[in-house]
Amino acid sequence: MQPIDDEALEQAHWAAFVTDLADHLAAQWPAMPERLGERYAAFVEHAVALADKRGLSGAAAVARYVNLVFVWGPAWHDKPGFEWAAGLLAAPREREWGTVHQLVRRSMAELQRLPGTRIEPASLAAADERLVDRYAALGRRGAMHPPEPPPLPRRACDLEAAELRLTEAAVGLQYVPAPGPAAAWLREPIPLPPPLRVDAATPLPPLLAALSQPPGARPQARLQLRLRAHAQCDAQVHPAAAYAGTHGLWRWAGHETRTVSWPLTGLARASLAAGPGLAIAEETSPDIFRLELHSCGLRDEGDAIGPLQTRLWVWPAAQWWLELERQGAAVQPVLAGQPPALRGATRVRVECDGQAQDPLPLRRAFEQGLDAATEAALQALRAAWASVPGLTAPRLDAALTLLGGRAACTWGWRLGPGGLDGRALMRLVGALEMQAALADLQFEGELALAGGRARLQLRCAGQAPLAMTLQREQAEPALLALLQPAQVAFRLPFVAELTPLATEHGALLQAAGPCTGALVGEAGLRPRTTGGSGFEWFATLRLEPAQLSLESVDPVLGGHRLAHPLWPARTLLDWRAG
């Protein structure tokens with residue numbers, strides 16, 4: 001069995017169409033085959049070739065074009081006085097049905113205008129209607145028999161304009177810092193975006209943006225659609241609108257589309273298992289909807305708007321505000337296995353759209369997380385100091401605060417400069433007036449080594465400022481770039497002071513150079529490490545290996561130098577909020 005040659009089959013279908021078209025037009029315009037005689041078939045084939053050259057491939061469109069060749073003659077659109085036809089035929093191929101429709105309509109007007117024409121406009125209209133009846137069910141060259149050919153519109157039907165606007169907002173206020181030196185915050189109104197208008201010169205954007213609350217929450221944004229028809233095929237059918245998404249499918253048609261509005265819903269808020277405020281500027285996902293505006297997309301004159309569709313992304317409207325204030329304790333003894341007598345205080349306030357949120361998760365993250373880890377780090381330092389070879393009567397007095405000071409910021413989705421047109425952006429405004437690390441560590445003890453004794457004092461003191469203003473009201477800079485300076489790496493070196501003590505043998509133990517080693521770490525805000533977007537508070541603390549450069553001077557044996565290790569490198573703290 002020979003395989004079917006699809007290309008040859010399609011060529012045969014097209015040839016049969018051309019033959020049938022010639023027979024149909026011969027019956028419609030009998031004077032033409034009588035005048036051309038044997039040349040009639042070649043005349044029709046030439047007219048079909050002209051249609052192909054002009055980018056027409058649909059059987060019904062080709063038939064209507066060839067019919068106009070019968071009316072005006074071959075290459076009529078290239079003749080003087082028919083510049084309007086050449087302009088219409090220059091339209092893109094995908095608009096061929098609208099092109100031939102306008103060619104027919106303009107031809108009817110020209111027949112009405114020109115004196116002495118042998119064809120009446122009504123005769124052309126009737127002949128054109130019969131062609132559409134006969135060939136509308138056919139496809140195009142190379143695909144003549146589609147399973148379900150789309151219906152071809154016959155009457156002008158198109159939109160004149162469309163307007164989209166938000167009539168109600170899901171959130172009407174946003175947090176802003178109050179003017180002046182006072183560290184206060186206000187809530188100011190957010191203006192509604194301007195309406196988005198669409199016409200033949202202004203296309204519908206491929207993506208629209210809005211902010212709203214999840215289903216069941218109030219208030220919800222409300223979107224209004226207004227359509228004005230240029231022409232209608234059927235006042236009960238077009239124009240039409242369809243809105244599809246997680247809610248299902250809503251449809252409106254005819255007079256309903258003059259003004260229609262509906263509520264917008266976002267995705268349900270993800271559970272804040274870690275606690276509100278622990279993730280800052282989290283870029284949550286939008287709910288996605290599809291909006292379609294339907295018409296036949298056919299005009300008697302001018303460019304048609306045609307059917308339109310766009311996506312609507314609805315982001316969460318919630319606006320968050322966070323204020324954090326942390327105070328450290330003064331220098332105090334670090335005693336083995338005992339909590340400090342004085343602890344720093346942490347104050348936290350979290351709000352969402354003016355409603356106070358539970359501050360305990362974030363406060364516990366700092367007090368029971370960071371502060372407890374800092375106390376454990378000090379205990380590890382005390383133990384490392386007590387383990388220094390040759391050291392007796394060790395003592396550590398310390399004050400160590402990580403991420404101390406004040407921070408306040410607000411974040412939430414907002415519409416971009418294009419309003420409904422485009423994506424929403426994550427707004428972030430605030431200020432950090434903090435110290436990534438504030439340390440004052442005082443180590444004391446007596447060191448006996450190589451026959452000598454000395455009082456050893458080791459100190460590590462310093463601070464690492466973390467101060468910056470956060471300002472993201474537009475798409476640039478990106479959040480990651482904005483918050484890159486919001487973390488500080490620090491290195492606080494140890495400084496040793498050695499005071500020789502008298503011994504019965506007269507040997508002296510004294511410093512021969514600076515002490516090595518330091519307390520190093522990083523602290524601030526970084527991208528979340530537990531999955532998802534947003535930023536988290538974090539702090540790390542490590543101990544560099546340290547050693548003393550000493551010189552032992554003996555009255556009999558003389559002096560010699562030695563390097564005395566204090567402790568090896570180790571990690572003291574690795575903390576993140578949440």
request  = Measure the spacing between CG of L249 and CD of E292 and express it to the nearest 0.5 Å.
outcome  = 8.0 Å
task = Starting at CG of L470, measure out to SG of C409 and round the result to the nearest 0.5 Å.
result = 6.5 Å
Considering only distance and modelled atom types, tabulate donor-acceptor pairs under 3.5 Å from the side chains of residues 195-202, sequence neighbours left out.
| residue | atom | partner | partner atom | Å |
| --- | --- | --- | --- | --- |
| R197 | NE | E163 | OE2 | 3.0 |
| R197 | NH2 | E163 | OE2 | 3.1 |
| D199 | OD1 | A201 | N | 2.9 |
| D199 | OD1 | T202 | N | 2.8 |
| D199 | OD1 | T202 | OG1 | 3.2 |

Going by side chain to side chain contact (heavy atoms under 4.5 Å, CB included), name the residues that satisfy it together with [X], two or more places apart in sequence or in a different chain.
X: A454; result: L498, L509
X: Q457; result: E444, E497
X: A384; result: W567

Just to verify, what does [X] make a salt bridge (charged side-chain N to carboxylate O under 4.0 Å, His left out) with, not counting sequence neighbours?
X: R251; result: none
X: E446; result: R453, R455
X: E476; result: none
X: R187; result: none

Using a 3.5 Å cut-off and no angle test, enumerate the donor-acceptor pairs between side-chain atoms of residues 170-180 and protein atoms at least two apart in sequence or in another chain.
| residue | atom | partner | partner atom | Å |
| --- | --- | --- | --- | --- |
| Q174 | NE2 | E188 | OE2 | 3.4 |
| Y175 | OH | E351 | OE1 | 2.9 |
| Y175 | OH | G354 | N | 2.7 |

query = Does any pair with a residue in residues 419-441 pass ring pair (Phe, Tyr, Trp, His ring centres under 6.0 Å), and if so which ones, sequence neighbours excluded?
reply = none
task = Determine which pairs satisfy side-chain hydrogen bond (donor to acceptor under 3.5 Å, both in side chains) with at least one residue from residues 335-346, sequence neighbours left out, and list them in order.
result = R326-T346, R343-E375
Could you pull out every donor-acceptor pair under 3.5 Å between side chains of residues 477-489 and any protein atom, sequence neighbours left out?
| residue | atom | partner | partner atom | Å |
| --- | --- | --- | --- | --- |
| Q487 | NE2 | L525 | O | 3.3 |

